[in-house]
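Structure first, then comments.
Chain letters run A, B, ... following the sequence lines, proteins first and then strands; every chain starts at 1.
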Amino acid sequence: MKRNKEIIFGLYGDEQDLLAAVKSAKDRNLEIYDVYSPFPVHGLDPLLGLRESRLHIAGFLYGLTGALIAFLGMSWVFTRDWPIIFGGKPYWSVPAFVPIVFEVTVLLSAIGMTITFFVVSGMGFGVSNETLHDSITDDKFCLAFDKAEADEATVRQVLQESNAEQVHEKMIKA
Amino acid sequence: MNRFEFSGKLRITLLIGIGIGLLSMILTYFIGDDDLNSRFWSNFLHNSSFFTGISLMAVFFIAASVTAWAGWYVVFKRLWESFSIFLFAGLILMTILGIGNYFQWHFLYHWADDGSVAHDAVLKGKSAFLNKNWYLVGGLLIMGIWIFFRQKMRRLSIMEEKQIMGDYSIHQKLRIYSAVFLPIAGFSSAAMIWLWLMSLDAHWYSTLYAWYTASSWFVALVAMVIITLLFLKKLGYYEQVTDEHIHDLGKFLFAFSVFWAYLWFSQFMLIWYANVGEETVYFKIRKDEYSWLFYGNVVINFVVPFFALIANSFKRHKLWLVIISAVVFVGHWLDFFLMIKPGVLHTAHELIGHGIENEEVLMHHHHLPAGFGFPGLFEVGTFIGFLSLFLFLVFSSLGKAGLVSQADPYIEESLHHHV
Amino acid sequence: MIAPVSKIREPLVYGHKTYHQITEDLVAPTEKAPSLSWMLVFIPALVLLVFGVFSIYWTIYVGIGTWNLNKTINWGWDITNFVWWIGIGHAGTLISAILLLFRQKWRTGVNRAAEAMTIFAVMCAGLFPLIHMGRIWDAFYIMPYLNTRGPVWPNFNSPLLWDVFAISTYLIVSLLFWYTGLVPDLATIRDRSAGLRKKIYDFFSLGWTGAAKHWQRWEYLSLILAGLATPLVLSVHTIVSFDFATSVIPGWHTTIFPPYFVAGAVFSGFAMVQTLMLISRKVLNFEQYITLNHIESMNKVILTTGSIVGVAYLTELFISWYSGYIYEQFAFFNRALGPYWWAYFGMMFANVVSPQFFWSGKIRRSVGWTFFLSILINIGMWFERFVIIVSTLARDFLPSSWSFYSPSWVEIGIYLGTFGLFFTMFLLFTRVAPVIAIAEVKHILKTSGDQYVGKDAEIQH
């Protein structure tokens, strides 16, 4: 069900304050909508309980696909489609396949992973996700709550106690 | 526990290992060998060069890390340092071989046989480099330089303990010695590898050989560091070494195994591709007569560590990491076996068989003498002996200084290291 | 939560920067009208580019005969330039990927520019083999695809085809790596701008919000791409070296070529980064972000790789004697004392001797010296490729067909044109995107800012 979300958020000037705020919100069992920052804040992931990304598994599978395509493709061309002897080598000269197999493996793995990353993160050319505050990409760290999911009074208390520099509300389209 | 105690039990175990090695060598010499004692001496060279090289790589690692301002390894830098102690043993062992050239104790090197050189234009052409004097004097000189730097860097590293916090003058000195050692090691290791190992196939040459061999040493070093470090942790030492450090060592093992494979492939593929008879002979003999070792080499030293260490969780599993390290360590020992044995056998055939071409002998008798086609019991015994001697020296040296440096400039970073 | 930093380390960001100040400083060049100094570099670059385009046009219109190649020396400036540019294109990925894996924090000051440089250098490099084909309109023949003309014809056993795969893969992966890193910074510009400018940056920043999960995945992706790019960068110059080393030509067929080419590539790439960075930090006012500390670190890499290259040169030289093979020995005799002896000694001096000056800490930290030596090394590495290619081919198997070669104006024009392309692209890049990775500099501020580490540190944690 789509609905507009009423977000209430606090902005911090330092990542240590943000971490403390997240901790205190977690301690009070507040449902955190999301956390935004101008750069990756270390120590945040375990606090938020984010599980490790599985991009590498996707990358491995893409790479494997690439390796198979390249290896089987070249094997087919040189044994079935157009077998030709080059430099006195057998038709099926595996050592000579290694460079191309390697390149195609890396190519598919990299392209696949990058596309996967943007797709699962809901990003892409022309995609315009609404942001909460312009200073998030500059120097402010943002802790946001959805009013429908977290009790507003507690949220305000947490934001105040953790010395949020600013507290704002914003309606965003879901 | 910041001081390692070389316990009696461990001492005895290692002494027994050394005993097994000595016994194997004696038995090889008297009952398991040919007229020239090629088996005994090739085993001698095999293990001496393998462990000496590991020791050299340990000095190289420290020098490179100091130069690159690396911090992560500092908690257990004493372990790396103690690995370099075997250089002393290497000096003695390789000097024995050097003297042996004069008195014909062994016939490992075709170029050391005056009769052969006199009738062989190629060997004659190389004699300015491949000769007994340079083997002995050059070896002494270069290993002497290695030992000098090893001693200097170790001393400075221990002296750091006594300086006042915030005074980095000793570390600055260490940086200078480290930086100077790197190019010296670069040139001299290549010279020694050509002399000790590549010249076993005296007619053959490959420009990449030295770097390839050095990378093999380096991987073996990392594998052995992992094994000893986790062993020490098991004994209760090195509590400060966390999963993060182990993880990084796992990465090193992974990365340098891939690098080794890269060099292996570059050398093999270029020779295979160009198909020049004088060069391909090296791989042809190994592929045809030593096919298990030839293919096994790539499997054990590349395929196994690649898939076994590809995921982060694999690198953090201690027992798994020890098993893979052990496999890779033995794998590189086998790599050296494969580098050394065919050439020695060739020379022995030349000298015994009076000019019968080795390839022919090999082609016609699909039967290699014991200890040459595949490591036999005596080879394994000799390996155990050398390994025990190596570890004995390492542990003796380890006990001489605090396990964890208190004063290295990077110690705090290393103690709080996160991947 | 902040990891301790040894006091022996020097700061990487000077001027007591705040996060906001970093944004202001690094975005500034994209928001101001181009400065006079920018225009003074841009106009000549554009002129060179136009001249290059004309030379390429002339080559295609009249034919490859406008070059001075002959039947003995069939590779000349074109392939020399190709290898040279590809080499230069190696430092970007090295700085980004390998230094990321080795956690060298100083990479953050220079990685973005180096990656951009990589992409432009690879574009310049790719141009040469394409033109050298002679019939550029048939270039699609190198692509293996199922077709109606018959079987799949490309020769997968040929190192030249490996090159096609390696270079296109390298270009694409470098682009992905670079762009992924750029997205958060483009979002920063987006959130500072208005109107059409905002719309454009909104389009290119892909909807970046800075959410925690996105950062986590972004860091993860960067790390894996770095892991992939590291062997990739090795493979590219390795495969370029295979073009020579798989042959049976003395002087070309030698097993050390792969790692030696890679080291040489990194060497020349860093020299070029140095040249560009020394200019950029001045022109764009980035002295507090690209510090003497950065320059010194890069000089150390130059010294290291230069020495590796030196070891490789001497290894080759030694083994050619050791081989006892007269043709091999002649190849090296010819390099040093043949008709192109000046190129050989130029190469030896510029590549092996000149980086040795960097043993001196004073010279490592001197902007003037570094600039001079970086240019010298760039020239030296060009000589290296020229020596390998031309001096070898000039004295081939039959003395009756020995020959001499010097380039025509068209060949020189195309080479100058690639400089034009390279600098035009780079200068445009400085106008539209941050040349220093904003988010990454903020990320290391608390462990590398001069208010936190070094001798002037005021804040302890």
For A:His56 and B:Ile310: C-alpha separation, side-chain torsions, deciding distance, then whether side chain to side chain contact (heavy atoms under 4.5 Å, CB included) applies. CA-CA 10 Å; A:His56 60 287; B:Ile310 191 161; over 6 Å; no

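Within residues 317-330 of chain B, no residue has any heavy atom closer than 4.5 Å to a heavy atom of chain A. Contacts between residues 91-101 of chain A and chain B, counted as heavy-atom pairs separated by less than 4.5 Å, involve A:Ser93, A:Pro95, A:Ala96, A:Val98, A:Pro99.
For A:Lys147, the NZ atom counts as densely surrounded, since its 6.0 Å shell holds more than 12 non-hydrogen atoms of other residues, nucleotides or ligands. A:Lys23 NZ: 12 or fewer foreign heavy atoms inside a 6.0 Å radius. Other residues, nucleotides and ligands contribute only 12 or fewer heavy atoms inside 6.0 Å of the CD atom of A:Gln160. Within 6.0 Å of the CZ atom in A:Arg54, the count of heavy atoms belonging to other residues, nucleotides or ligands does not exceed 12. Other residues, nucleotides and ligands place more than 12 heavy atoms under 6.0 Å from the CH2 atom of A:Trp76.
Contacts between A:Phe60 and chain B at a heavy-atom distance below 4.5 Å involve the side chain alone, from C-beta outward.
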